[in-house]
2 protein chains.
Amino acid sequence: MAYTYEHPHPAVSVDIVVFTIAEGELKVLLIRRDAAPFEGSWALPGGFVEMNESLRRAAWRELREETGLNAAYLEQLQAFGHPDRDPRERVITVAYVALIPYERFDVQAASDARDARLFNLETLPELAFDHPRILRRACQRLKEKLSDPIIALQLVGKSFTLSELQRVHELILGKPLDKRNFRKKILAEGLIEATGDERRSGPHRPARLYTVKDPSDVPYAPVIKRA
Amino acid sequence: MAYTYEHPHPAVSVDIVVFTIAEGELKVLLIRRDAAPFEGSWALPGGFVEMNESLRRAAWRELREETGLNAAYLEQLQAFGHPDRDPRERVITVAYVALIPYERFDVQAASDARDARLFNLETLPELAFDHPRILRRACQRLKEKLSDPIIALQLVGKSFTLSELQRVHELILGKPLDKRNFRKKILAEGLIEATGDERRSGPHRPARLYTVKDPSDVPYAPVIKRA
DNA sequence: TCTTAGTCGTGTATATAATACACGATACTT
DNA sequence: AAGTATCGTGTATTATATACACGACTAAGA
């Protein structure tokens with residue numbers, strides 16, 4: 001089937017920068033391309049927008065199809081449209097940032113679809129297209145938005161220690177934070193509370209567990225309306 | 001001439017939200033549509049992206065073509081792509097925000113191309129497409145970015161009084177600011193300096209004029225590379 | 001059972017930034 | 001000379017951000 005237009009139309013795709021915290025590091029999800037161009041190299045998950053779906057929904061669908069992941073937090077980053085960013089034809093892509101806590105990171109489903117892997121930001125492979133640029137912007141945006149407390153909460157599990165949460169902030173900012181000041185600020189926000197349980201993880205005093213007070217503040221389920 | 005693709009492609013357009021300060025008010029530039037759909041109603045200036053130009057350049061070109069204006073400050077807002085936002089066909093639009101000081105606002109050129117007018121944000125006409133939504137987001141973004149001092153500086157002339165600059169902030173924020181605190185903060189930023197001249201405008205003490213210290217901080221000329 | 005190692009949890013003092021607030025100075029008009 | 005309208009200025013208070021150290025608690029091993 002062929003589609004004909006009076007004027008030339010670019011193709012429109014979405015690409016998703018998926019961040020998660022694994023092995024105590026901030027990681028990004030990449031998939032290995034199984035077709036030209038850039039066959040065999042790594043790329044952000046993504047694909048073409050279908051004609052009857054919104055951009056956001058396309059991002060959500062592509063992420064699910066390519067990796068099996070269900071993104072609760074999915075925010076538009078920006079559109080990238082340099083004329084030669086794809087060697088095949090003119091492709092304008094709308095980039096999204098997704099945040100997924102590692103405990104909801106179903107690697108089974110991810111590896112099922114394609115060769116998908118989490119990469120440390122310091123040891124990235126060669127990336128296809130202008131994906132290095134998109135990824136840099138995504139990291140920048142993540143930093144800028146960190147003042148919104150729900151960002152970091154999206155990257156920890158349902159219950160977490162304050163040290164874990166602090167580590168998330170430190171990884172995103174790329175610098176260490178003071179423990180007492182961090183706790184003072186986070187607790188002053190009033191979004192989280194101690195569960196009463198503790199986590200023990202070594203030859204030292206156990207850490208108190210915290211959780212989000214009002215789950216509607218930090219949705220863990222995707223908020224996507226049916227098309 | 002017809003263009004054929006194997007898969008359906010959406011059209012891609014750019015729309016520009018042009019802000020300026022005129023008559024002591026924050027205004028947005030709209031043009032009257034001279035063709036269907038929404039013929040006769042008002043809309044954001046914009047048009048389709050050509051195949052060999054970047055999104056940013058398309059925004060710059062369309063603004064120039066439709067209004068004769070040369071945007072120095074032109075920032076991508078976000079992409080809007082709901083499937084039914086255009087009744088003709090699927091059109092994904094990338095919205096930009098432009099800031100143009102009124103002294104560079106060449107109304108001659110603007111009215112030349114089409115019926116173009118500045119509107120107060122409180123007295124808007126009916127807008128075409130999803131332009132009300134785009135405009136709301138643009139206002140929101142403008143507020144968020146106001147902490148960057150160059151935003152307000154883009155909306156005053158080459159030389160300006162501190163009261164003028166304060167008024168720009170007040171219009172964007174929609175609330176009055178304290179004069180002394182405002183001056184303290186602005187001058188602490190170190191971006192502007194008194195020219196030595198004064199502006200006299202009524203039966204009262206004249207105001208000192210200020211100007212940007214380093215013009216490269218606040219470019220008044222468009223920074224667009226040739227394609 | 002005692003020592004050791006390692007993270008957990010906590011408070012105070014200081015510096016910086018944001019806010020609240022009032023009045024004399026100056027130019028023009030009448 | 002009096003009236004009026006904006007211009008320009010400083011201090012006190014509050015809130016926020018930063019700097020900084022040590023006892024509490026658990027597990028492991030001697």
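The chains referred to below are lettered A, B, ... by the order of the sequence lines, with proteins before strands, and numbering in each begins at 1.
The 12-atom threshold is exceeded at CD of B:Glu189, counting heavy atoms of other residues, nucleotides or ligands nearer than 6.0 Å. Taking a 6.0 Å sphere around CD of B:Glu144, one finds it holds more than 12 heavy atoms contributed by other residues, nucleotides or ligands.
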I'd like a table of atom pairs between the protein and nucleotides 6-13 of chain C - only N or O on both sides, under 3.5 Å - with the distance next to each one.
{"from": "C:dG6", "atom 1": "N2", "to": "A:Arg205", "atom 2": "N", "distance (Å)": "2.9"}
{"from": "C:dG6", "atom 1": "N3", "to": "A:Pro203", "atom 2": "O", "distance (Å)": "3.4"}
{"from": "C:dC8", "atom 1": "OP1", "to": "A:Ser163", "atom 2": "OG", "distance (Å)": "3.2"}
{"from": "C:dC8", "atom 1": "OP2", "to": "A:Ser163", "atom 2": "OG", "distance (Å)": "3.0"}
{"from": "C:dC8", "atom 1": "O3'", "to": "A:Pro206", "atom 2": "O", "distance (Å)": "3.3"}
{"from": "C:dC8", "atom 1": "O2", "to": "A:Arg205", "atom 2": "NH1", "distance (Å)": "3.0"}
{"from": "C:dG9", "atom 1": "OP1", "to": "A:Arg208", "atom 2": "N", "distance (Å)": "2.5"}
{"from": "C:dG9", "atom 1": "OP2", "to": "A:Arg183", "atom 2": "NH1", "distance (Å)": "3.2"}
{"from": "C:dG9", "atom 1": "OP2", "to": "A:Arg183", "atom 2": "NH2", "distance (Å)": "3.4"}
{"from": "C:dG9", "atom 1": "N7", "to": "A:Lys179", "atom 2": "NZ", "distance (Å)": "2.8"}
{"from": "C:dG11", "atom 1": "N1", "to": "A:Arg180", "atom 2": "NH1", "distance (Å)": "3.4"}
{"from": "C:dT12", "atom 1": "O4", "to": "A:Lys184", "atom 2": "NZ", "distance (Å)": "3.0"}

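Looking at residues two or more places apart in sequence or on another chain, you find a salt bridge (charged side-chain N to carboxylate O under 4.0 Å, His left out) between B:Glu75 and B:Arg141, B:Lys145.
Remark: B:Arg117 is positioned above the aromatic ring of B:Phe119, its terminal NZ or CZ atom under 6.0 angstrom from the ring centre and at most 45 degrees off the axis.
Separating the CD1 atom of B:Ile186 from the C1' atom of C:dA18 is a distance of 14 Å, rounded to the nearest angstrom. Between A:Leu177 atom CG and D:dA19 atom P the separation is 11 Å, expressed in whole Å. B:Lys175 has its NZ atom 14 Å from the C1' atom of C:dA20, to the nearest Å. The nearest whole Å value for the distance from the NZ atom in B:Lys185 to the P atom in D:dA15 is 18 Å.
Put simply, the residue from B:Leu124, B:Val18, B:Leu118 that forms a side-chain contact (heavy atoms from CB on, under 4.5 Å) with B:Val28 is B:Leu124.
Donor-acceptor pairing under 3.5 Å is recorded for the side chains of A:Asn70 and A:Trp60.
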